[in-house]
2 protein chains.
Amino acid sequence: MIKISKKVEYALIALKLFAEKPNEVFTSKQISDKYNVPYELLSKVLQKLKKCGLLSSSLGMNGGYKLDKDPDQITIQQVISAIDGGISLTECQQGKTKDNCIIFDNCSIKDPMHKIQNELQNFFNKKKVSDLV
Amino acid sequence: MIKISKKVEYALIALKLFAEKPNEVFTSKQISDKYNVPYELLSKVLQKLKKCGLLSSSLGMNGGYKLDKDPDQITIQQVISAIDGGISLTECQQGKTKDNCIIFDNCSIKDPMHKIQNELQNFFNKKKVSDLV
DNA sequence: TGAAATTGGACTAATATAGTCGTATTTATA
DNA sequence: TATAAATACGACTATATTAGTCCAATTTCA
Ligand code: SF4
Ligand code: SF4
């Protein structure tokens with residue numbers, strides 16, 4: 001079953017909120033309350049979004065997160081990469097140079113699948129947070 | 001991490017072989033030997049491909065599977081559907097009417113994600129087994 | 001000084017995927 | 001007619017991934 005992870009869903013829910021109110025600061029708590037998202041999990045997600053430069057944060061009381069990029073500059077691909085490490089249609093397309101698939105050497109679909117994967121990344125690169133209207 | 005399952009990979013490896021030698025009969029054993037794919041698992045996969053009409057089978061000695069459709073008529077989407085039950089980008093897009101996501105009622109990304117899911121299905125509908133050359 | 005916030009690591013629980021085992025049935029052929 | 005080779009099917013185990021929780025540190029405003 002091809003799907004995106006819950007974490008990415010939570011990230012997109014949050015990013016959509018940020019996109020609707022740019023320059024406004026929201027805390028993890030506020031967002032988790034508003035959307036019934038598990039607080040601790042959402043916190044981790046927002047931290048990752050910050051680490052890759054999509055959000056900026058301020059510590060301490062009255063702290064929180066705010067958007068650090070234009071919503072139409074943030075691609076779904078970026079979000080998937082930030083949270084889940086990206087798309088890798090097949091096992092051998094993950095960073096796993098060592099410990100590769102045993103089929104690798106006589107795999108007949110490796111190359112065509114790699115091509116499809118590229119197209120898929122392109123697909124998600126064209127999808128922006130601003131499209132989640 | 002967005003990816004396809006091992007079962008779908010095995011299905012595609014098999015289907016590519018069938019597509020290269022149409023009308024030729026192959027057994028589970030032959031294919032699992034040729035590609036180092038676990039025999040029992042591959043058997044299950046081929047049974048599913050038969051059930052949805054992509055392959056036909058003959059029982060008993062000298063039995064096996066052969067292609068039952070044109071390779072350029074078999075889409076990757078069909079294969080994913082047959083083996084893994086299709087693509088459902090988000091949880092709420094699986095057949096789960098009951099036991100839905102608790103966020104469902106005030107989820108802000110549900111509808112746009114549904115649209116993206118449709119495009120994604122369209123993407124995989126355009127990919128044919130015959131493209132795996 | 002205290003409350004509210006981010007940050008970060010370790011941990012557990014739940015689920016999904018991958019793979020195995022055993023057994024029944026069919027069928028060509030020796 | 002016995003046997004070997006094949007599909008067919010269901011139950012099972014093992015492994016990996018995902019989801020979620022817990023705990024403690026640090027920052028900062030008031
Ligand atoms: S080598 Fe082939 S079977 Fe192995 S992970 Fe890559 S695509 Fe899949
Ligand atoms: S309702 Fe929203 S959060 Fe829940 S599964 Fe659907 S898209 Fe994801």
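Reminder, nothing fancy here: chain letters follow the sequence lines and each chain counts from 1.
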Rounded distance in Å - [atom1] ([X]) to [atom2] ([N]):
| X | N | atom1 | atom2 | value |
| --- | --- | --- | --- | --- |
| Leu55(B) | dA6(D) | CG | P | 17 Å |
| Lys7(A) | dA14(C) | NZ | P | 17 Å |
| Met1(B) | dT17(C) | CE | P | 15 Å |
| Leu42(B) | dA6(D) | CG | P | 13 Å |
| Leu41(B) | dA16(D) | CG | P | 15 Å |
| Gln30(B) | dA5(D) | CD | P | 13 Å |
| Glu40(B) | dA14(D) | CD | P | 15 Å |
| Ile2(B) | dA16(C) | CD1 | C1' | 16 Å |

Looking only at the side chain of [X] (C-beta and beyond, no hydrogens), which of the listed nucleotides [options] gets closest?
| X | options | result |
| --- | --- | --- |
| Lys3(A) | dT7(C), dA6(D), dA16(C) | dA16(C) |
| Ser43(A) | dG20(D), dA18(C), dT7(C) | dT7(C) |
| Lys44(A) | dT21(D), dT28(D), dT27(C) | dT21(D) |
| Met61(A) | dA18(C), dT28(D), dT27(C) | dT28(D) |
| Asn62(B) | dA28(C), dT7(C), dT17(C) | dA28(C) |
| Tyr65(B) | dG19(C), dT7(D), dA5(C) | dT7(D) |
| Ser28(B) | dA4(C), dT7(D), dT17(D) | dT7(D) |

**Item:** Cation-pi, Phe124(B) ring and Lys126(B) (6.0 angstrom, 45 degrees)
**Value:** no

**Message:** Using heavy-atom distances to pick each residue's nearest nucleotide on DNA chain C, tell me which of Leu59(B) and Tyr39(B) is more 5'.
**Reply:** Tyr39(B)

**Item:** Residue mapping more 5' on DNA chain C - nearest nucleotide basis, Gln47(A) or Tyr10(B)
**Value:** Gln47(A)

**Lys115(A)/Asp111(A) salt bridge by N-O under 4.0 Å criterion** = no

**Request:** Run the salt-bridge test on Glu91(B) and Lys6(A) with the 4.0 Å N-O cut-off and return the result as yes or no.
**Result:** yes

Check this one for me: any side-chain N or O of [X] less than 4.0 Å away from OP1 or OP2 of [N]?
| X | N | value |
| --- | --- | --- |
| Lys51(A) | dT7(C) | no |
| Ser57(A) | dT7(C) | yes |
| Ser58(B) | dT7(D) | no |

**Item:** Derivation and outcome, side chain to side chain donor-acceptor pair (under 3.5 Å), residues Glu9(B) and Ser5(B)
**Value:** CA-CA 6 Å; Glu9(B) 288 189 33; Ser5(B) 70; over 6 Å; no

**Asked** Where do Gln77(A) and Ser81(A) land on the side chain to side chain donor-acceptor pair (under 3.5 Å) test, with the steps shown first?
**Response** CA-CA 6 Å; Gln77(A) 174 67 40; Ser81(A) 292; 3.2 Å; yes

**Item:** Aromatic centroids of Phe18(B) and Phe26(B) separated by under 6.0 Å
**Value:** yes

**Prompt:** For Lys48(B), which contact category applies under a 4.0 Å heavy-atom criterion: base, sugar-phosphate, or nothing?
**Reply:** nothing

